[in-house]
Amino acid sequence: MTQDNNTSRRRFITGAAATAGLAAASSFVPTRFAIGAMAKVKVGILLPYSGTYAMLGNSITNAFKMRIEQAGGKLGGRDVEYVALDSEMSVPKAPTNTNKLVKKEKVDFVVGPVHSGIAAAMAKIIGPREGPIMIVPNAGNNAITGGFCAPNIFRTSFSNWQPAYPGGKVMADDGHKTCVTIAWKYAAGAQMMAAGKDNFEKNGGKVIKDMPIPFPKVEFQAALSEIASLKPDCVFAFFSGGGAVKFVKDYAAAGLKDNIPLYGPGFLTEGVSKAQGEAAEGIKTTLHYAADLDNPVNKRFRADYKDAFGGDANVFSVQGYDTGTLLSQAMALVKGDTGATKELISFMETAEIIDSPRGAWRMSKNHNPIQDIYLRQVKGGQNLVLGVAAEALEDPGAGCKMA
Ligand code: BEZ
């Protein structure tokens, strides 16, 4: 059920069935939009549909649209028009693509991106404006809910710090003293490796070498040879999508898997563990989702996703789904009035998503999820939960002047 909580300002967001109830229960009276009320709500989407992150973009889009379909296929009673652009993971093209959505298409909301560099480019354009509201369904760039935070920018995924920081302690707890980090050389890789390293060293470990790999290159042989000669106790890595498949397979083929355990934020094996096959078995990662989370929402979500799209759901589809939940609930509250920016923002910043497949989470004052980070291990081709690595973890939000 959706309700105002007397003891806090938070709004409790629940499932598809509750959307209609929320609209009926709301006391919000739209004032500005009687004319054109029947026009479609325009949702601009900027995600990768080609290249190494294509699987991520498709997973987010599928589940985002599935969630809105489950809420009756409308936002606040209005039909929805999607304008989706392939980001091509290109930072140089990001300003043009963003302006296409904001200025040319005049979308009401922007959903995207996956890539941290693109997120920064988008935030610089959208943050200083009053609208549209931007919801980030993946890109973890710490600055989006840190130095670039803005009233109209929300994230439903994670900050790069969040899934990486607990991983440092996991490696130390497993008895490792030395580690090498290896990651794509851009904000996501740099921020995740820094967070993991920080917590590894706080817990007695030492990172003996950082190995940045140009994005989105997948030639790992020279780095793997160097790892073999450095002989660290463990390796901490960030790759995702197609690049993660190649890295994990190359790591095993180089004979490192059984000698130097591989760890990382869960993107390393998420959505790709089946394609990685035997090479991924046993890898431990930390992330805000695991396939076998034992809650009814997750079970229903995974079954619905499989029915609709044939493949398995993953963390990216969870993030897309939760983006759909946040948007449909907010639009129900304002009865479809996309001009009610203040009310939409105030709803989103006090949101608590109770029925997320990842488990309940709530929005921080910097507009980033406060959420559990799970320790997982690949078993039988699935990322299965071993425990909670960090409970209700909140990004520090360094540099955000909003709150
Ligand atoms: C990022 O660029 O923020 C990112 C991309 C893929 C997975 C996780 C983070």
Side-chain angles (χ1 to χ4, degrees), residues 46-61 63 86-94 97 111-123 134-148 153-167 181-196 212-218 236-248 263-273 276 285-289 314-320 322-323 358 368-369 371 373 376 383 395:
L46 185 55
L47 290 169
Y49 299 114
S50 55
T52 203
Y53 286 164
M55 176 275 288
L56 287 66
N58 284 315
S59 300
I60 293 167
T61 308
D86 181 359
S87 74
E88 302 171 58
M89 301 175 307
S90 165
V91 178
K93 289 184 186 170
N97 283 333
V111 172
V114 154
H115 182 290
S116 275
I118 296 177
M122 292 173 75
M134 169 177 167
I135 307 179
V136 180
N138 187 75
N141 194 334
N142 294 339
I144 296 304
T145 51
F148 294 158
I153 298 179
F154 292 86
R155 181 152 54 196
T156 49
S157 50
F158 57 90
S159 74
N160 287 328
W161 179 87
Q162 274 179 310
Y165 185 76
T181 75
I182 179 165
W184 272 320
K185 186 180 178 183
Y186 76 101
Q191 293 173 356
M192 289 188 211
M193 295 303 100
I213 305 288
F215 177 82
K217 293 236 166 5
V218 291
F236 190 65
F238 164 69
F239 298 100
S240 190
V245 176
K246 174 84 165 40
F247 178 76
V248 166
Y263 295 82
F267 311 108
L268 191 61
T269 52
E270 187 67 16
V272 289
S273 48
Q276 290 164 333
T285 60
T286 42
L287 200 67
H288 47 290
Y289 182 64
N314 53 48
V315 77
F316 310 108
S317 45
V318 169
Q319 293 163 180
D322 289 355
T323 302
R358 72 182 93 168
N368 190 68
Q371 57 192 337
I373 304 295
R376 314 112 45 88
N383 288 284
D395 181 86

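One-based numbering, in listed order, for ligands and for the atoms of each.
Under the 6.0 Å cut-off for aromatic ring centres, F215 and Y53 qualify, their centroids lying closer than that. Aromatic pair Y263/F236: ring centres not closer than 6.0 Å.
Side chains of N160 and S116: a donor on one and an acceptor on the other come within 3.5 Å.
The side-chain hydrogen bond (donor to acceptor under 3.5 Å, both in side chains) test applied to S50 returns D86, not counting sequence neighbours. A119 pairs by the side chain to side chain contact (heavy atoms under 4.5 Å, CB included) definition with P113, A139, I144, not counting sequence neighbours. Partners of A190 under the side chain to side chain contact (heavy atoms under 4.5 Å, CB included) rule, at least two apart in sequence or in another chain, do not exist in this structure.
Residues of the protein with a heavy atom under 4.0 Å from ligand 1 are Y53, L56, V114, H115, S116, N138, A139, G140, F158, N160, Y186, A188, M192, F238, S240, F267, listed by chain and number.
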